[in-house]
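Following: one structure in structure tokens, then a few remarks.
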Amino acid sequence: MSLHGAYDPDNIFAKILRGEIPSVKVWEDDDVLAFMDVFPQSEGHVLVVSKTSQARNLLEIEPEALTKLTAAVQRTARAVEKALKPEGLSLMQFNGEAGGQTVFHLHFHIIPRWADRQMKGHGHAPMADAEQLQALAARIAAELD
Ligand code: AMP
């Protein structure tokens with residue numbers, strides 16, 4: 001999948017947004033959804049997507065939707081920090097297959113970091129336990145401003 005081309009309405013995040021497959025939601029409003037990555041690279045790995053844009057990558061998103069998305073990333077990251085007390089946060093965002101992207105609906109990764117815990121590689125993390133993800137999502141959601 002190159003940087004250019006048509007949006008696939010059957011990509012996995014589009015299906016999550018339509019409620020066709022489940023996700024562990026942290027929060028949502030009319031514009032964005034924050035949900036737990038099921039293959040977390042560290043404890044508390046959250047994804048944030050636009051609900052209104054069909055941008056596949058950063059190059060395609062409308063400025064207004066990007067403004068709302070980045071504000072949502074900051075709001076979510078602040079809640080992750082309060083809930084999980086990481087020592088750092090890695091924000092990641094991949095564009096195009098060659099850029100490491102695997103799901104072609106633009107998204108930001110929020111990955112809590114601790115100096116003494118190695119972050120798992122992108123695409124190399126095992127699937128998380130659903131109940132543990134639900135518990136983490138609840139802790140993060142409880143700290144939203
Ligand atoms: P990227 O490679 O940047 O496109 O990231 C896609 C992310 O989506 C990866 O971190 C996957 O672990 C994650 N992922 C894939 N399927 C699901 C799913 N059903 N629910 C939540 N996260 C998912």
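Each ligand, and each atom within it, is numbered from 1 in the order the structure gives. These numbers come from a predicted model, not from an experiment. Just so you know, these numbers use all the heavy atoms, side chains as well, and skip hydrogens, waters and symmetry mates. The chain is numbered in sequence order, starting from 1.
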Review point. Would you say His107 touches ligand 1, if touching means a heavy atom closer than 4.0 Å?
Key: yes
Check your understanding: Mind checking whether Gln101 has an N or O less than 3.5 Å away from an N or O of ligand 1?
Key -> no
Review point. Side chains of His107 and Gln93: closer than 4.5 Å at any heavy-atom pair?
Key: no
Check your understanding: Would you find a donor on one side and an acceptor on the other, under 3.5 Å apart, between the side chain of Arg113 and the backbone of Met119?
Key -> no
Practice item. Starting from atom 20 (N) of ligand 1, find the nearest protein heavy-atom neighbour and note its residue, name and distance. Key: Val38 CG2, 3.6 Å
Point to revise | Which atom of Ala137 lies closest to which atom of Lys25, heavy atoms considered | key: CB-O, 3.6 Å
Practice item. For atom 16 (N) of ligand 1, grab the closest protein heavy atom and report residue, atom and distance to one decimal in Å. Key: Ile12 CD1, 4.0 Å
**Study point:** Leu47 N/O under 3.5 Å from ligand 1 N/O
**Key:** no
Review point. What is the nearest protein non-hydrogen atom to atom 12 (O) of ligand 1, stated with its residue, atom name and distance?
Key: Asp37 OD1, 2.6 Å
Check your understanding: Are any of the heavy atoms in Gly100 under 4.0 Å away from ligand 1?
Key -> yes
Check your understanding: What atoms of ligand 1 come closer than 4.0 angstrom to any heavy atom of Val103?
Key -> 4 (O), 6 (C)
Exercise for review: Please say whether His45 places an N or O atom under 3.5 Å from an N or O atom belonging to ligand 1.
Suggested key: no
Review point. Would Phe39 and His124 count as a close aromatic pair, with their ring centres under 6.0 Å?
Key: no
Practice item. Could you tell me which non-hydrogen atom of Tyr7 sits nearest to which non-hydrogen atom of His105, and how far apart they are? Key: OH-ND1, 2.6 Å
Point to revise | For ligand 1, the portion of Phe13 having any non-hydrogen atom under 4.0 Å away | key: side chain
Review point. Closest heavy-atom contact between Leu133 and Val24?
Key: O-CG1, 3.6 Å
Practice item. Check step by step if side chain to side chain donor-acceptor pair (under 3.5 Å) holds for His122 and Gln41. Key: CA-CA 7 Å; His122 185 63; Gln41 291 180 243; 3.1 Å; yes
Revision key, fill the gap. Result for side-chain contact (heavy atoms from CB on, under 4.5 Å) between Val48 and one of Thr76, Val26, Leu106, Leu33 points to Thr76
Revision key, fill the gap. Honestly, for Phe104 the part within reach of ligand 1 (heavy atoms, under 4.0 Å) is neither
Check your understanding: Which distance, rounded to the nearest 0.5 Å, do you find between the CZ of Phe13 and the OG of Ser50?
Key -> 13.0 Å
**Study point:** Met36, portion touching ligand 1 at heavy-atom distance under 4.0 Å
**Key:** backbone
Study note, to complete from the structure: Logged contact type for His122 with ligand 1, heavy-atom cut-off 4.0 Å, is side chain
